[in-house]
Amino acid sequence: MPELPDVEQFKKYADSTIMNQQIKDVEFIDKRMIAFSEKAIKKTLKEHQFINSKRIGKFLLLETDDEMHKWLVLHFGMTGELEYFKDKKTPKYARMLIHFKNGYHLSLNDPRLLGKIDLADNPESYQKRKELGVDALDVSEKQFKEILGKKKSRIKPTLMNQHLITGIGNVYADEILFQSKIHPTTNIDALNNKTLGDLYKNMQMVLKTAIKDNADPKKFPDSFLIPNRRTKGKCPNCAGNIKKIKVAGRGTYFCPSCQGNG
DNA sequence: TTTGATGTTGCTAA
DNA sequence: ATTAGCAACATCAA
Ligand SMILES: [Zn+2]
């Protein structure tokens with residue numbers, strides 16, 4: 001799940017659970033997710049607390065009250081999630097456990113270990129260090145057109161390029177292009193100004209709607225592709241068959257009748 | 001049993 | 001310089 005709306009949901013979850021709770025200890029059950037230094041992360045967290053949070057694209061950053069006010073950075077890969085719990089056994093795929101003095105624990109679960117745990121001095125410097133583009137919910141229409149206007153590549157992989165605009169992944173890219181009636185392999189230089197404007201507005205609409213619905217596809221509007229995004233799925237717009245192709249190595253679902261055949 | 005799944009990176013080749 | 005294809009990472013389900 002972890003694309004922009006999912007990570008925003010994790011942010012809401014963190015805000016409502018772990019904020020201002022004193023940390024007793026940190027335990028790494030699998031160290032392969034650590035991007036930099038286990039020792040540094042432990043030192044930053046132990047005997048401190050989280051006091052603020054920020055999402056940049058698919059990254060969740062949690063500010064601590066240590067001397068440097070360093071931020072714990074979490075990336076969720078394809079299968080990462082947060083779980084805050086008290087009286088139950090450790091989740092099966094727990095990779096990092098943060099133990100709080102109130103008896104609760106925050107687990108970072110990630111079966112496939114594709115996520116990352118890192119430290120940042122602050123969100124802005126981290127965004128720069130990782131060469132992330134502007135967040136998909138912060139970009140203006142003018143900026144969006146400028147960024148895409150420099151590209152001739154195919155629209156779907158470009159929307160997913162985290163160095164240009166950050167936050168959109170494989171599933172939401174399909175949804176945004178479906179709402180915009182644009183075929184995923186359309187070259188950007190074939191899109192006119194009005195189409196790019198529609199694409200921008202649909203991007204905002206899709207992401208904001210998903211966040212409002214807690215990134216839960218079951219709650220998404222009937223007009224959305226995502227709940228029908230599978231082989232043998234039906235287009236919510238024309239009831240035609242959803243087609244699956246590969247674009248940039250990723251499974252891509254679209255409606256040939258509404259989005260054209262490329 | 002083989003393939004693909006919400007991601008990213010690095011290499012290779014036009 | 002730009003774009004595209006593929007493999008790699010680890011685990012599960014179809
Ligand atoms: Zn359709």
Side-chain angles (χ1 to χ4, degrees), chain A residues 1-11 13 28-36 55-60 73-82 91-96 108-118 126-127 129-133 135-136 147-178 184-191 203 206-207 210-211 213-220 224-233 242-254 262:
Chain A
M1 282 176 245
E3 298 184 29
L4 188 155
D6 311 285
V7 178
E8 186 67 28
Q9 186 63 24
F10 295 151
K11 180 182 185 304
Y13 185 74
F28 289 100
I29 295 170
D30 193 307
K31 300 179 195 290
R32 283 175 291 184
M33 292 182 69
I34 300 171
F36 176 52
R55 182 194 55 70
I56 304 175
K58 303 174 188 174
F59 290 85
L60 176 61
V73 181
L74 301 178
H75 190 284
F76 299 92
M78 291 220 254
T79 52
E81 62 175 10
L82 294 177
K92 187 172 179 188
Y93 297 107
R95 308 306 193 185
M96 176 181 69
L108 174 59
N109 302 334
D110 188 354
R112 290 178 61 185
L113 293 162
L114 295 173
K116 279 277 176 286
I117 305 166
D118 206 347
Y126 195 75
Q127 187 164 13
R129 173 147 73 84
K130 300 299 282 185
E131 300 182 288
L132 297 172
D135 188 89
I147 292 166
L148 293 194
K150 293 179 188 153
K151 294 284 167 187
K152 297 171 181 173
S153 45
R154 301 167 301 174
I155 186 63
K156 179 174 175 184
T158 310
L159 282 177
M160 290 170 63
N161 183 342
Q162 305 300 304
H163 301 302
L164 299 175
I165 292 165
T166 189
I168 297 168
N170 195 39
V171 169
Y172 284 94
D174 280 358
E175 184 68 58
I176 291 162
L177 292 171
F178 174 77
T185 64
T186 309
N187 288 331
I188 292 173
D189 53 7
L191 301 173
M203 176 176 83
V206 165
L207 296 175
I211 289 169
D213 289 340
N214 294 335
D216 179 358
K218 293 192 290 293
K219 295 178 183 151
F220 289 175
F224 268 36
L225 171 70
I226 289 175
N228 310 282
R229 192 184 172 277
R230 54 189 150 74
T231 312
K232 292 180 180 169
I242 295 301
K243 189 177 173 186
K244 185 191 177 189
I245 58 175
K246 262 217 184 332
V247 178
R250 310 299 304 277
T252 297
Y253 296 81
F254 72 105

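Below, read A as the first sequence line, B as the second, and so on, with proteins coming before strands; counting in each chain starts at 1.
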Determine, stepwise, if the pair A:D110 / A:T79 fulfils side-chain hydrogen bond (donor to acceptor under 3.5 Å, both in side chains). CA-CA 5 Å; A:D110 188 354; A:T79 52; 2.6 Å; yes

Applying side-chain contact (heavy atoms from CB on, under 4.5 Å), name anything that partners A:V171, two or more places apart in sequence or on another chain. A:E3, A:I226, A:R229

Which part of the nucleic acid does A:G249 contact within heavy-atom distance under 4.0 Å: base, sugar-phosphate only, or nothing? nothing

Does the side chain of A:K156 pick up a donor-acceptor pair with the side chain of A:N170 at under 3.5 Å? yes

A:R32: which residues meet the side chain to side chain donor-acceptor pair (under 3.5 Å) condition with it, sequence neighbours left out? A:D30

Using side-chain heavy atoms (C-beta onward) and a distance below 4.5 Å, is A:Y93 in contact with A:L113? no

When we call it a touch if two heavy atoms are under 4.0 Å apart, what does A:K150 touch: a base, just sugar-phosphate, or nothing? nothing

Look at the rings of A:Y126 and A:F59 and say which category their plane angle falls in: under 30° parallel, 30 to 60° tilted, over 60° perpendicular. perpendicular

How is A:R230 classified with respect to the nucleic acid when contacts are heavy atoms under 4.0 Å: base, sugar-phosphate, or nothing? nothing

For B:dT8 and C:dA1, measure between their C1' atoms and round to the nearest Å. 22 Å

Partner set under ring-ring contact (aromatic ring centres under 6.0 Å, His included) for A:F220, not counting sequence neighbours: A:F224

Taking only Watson-Crick and G-U wobble pairs with both distances under 3.5 Å, what dot-bracket line describes DNA chain B, where [ ] shows pairs that cross earlier ones and | shows pairs with another strand? .||||.||||||||

At a 4.0 Å cut-off to heavy atoms of chain A, the contacted part of DNA chain C spans C:dT3 to C:dC12

Indicate, with a heavy-atom threshold strictly under 4.0 Å, whether A:K151 touches base, sugar-phosphate, or nothing. sugar-phosphate

Could you encode protein contacts along nucleotides 7-14 of chain B as a string, one character per nucleotide from 5' to 3', using B for base contact, S for sugar-phosphate-only contact and - for no contact, with a heavy-atom cut-off of under 4.0 Å? BBS-----

Does A:V206 reach the side chain of A:F178, with side-chain heavy atoms less than 4.5 Å apart? no

Indicate yes or no for a side-chain donor-acceptor contact from A:D174 to the backbone of A:Y253 under 3.5 Å, with no hydrogens or angles considered. yes

With the threshold set at 4.0 Å, does a side-chain nitrogen-carboxylate oxygen contact exist between A:K218 and A:D213? no

Look at A:K116 together with A:D118 and state whether they make a salt bridge at an N to O cut-off of under 4.0 Å. no

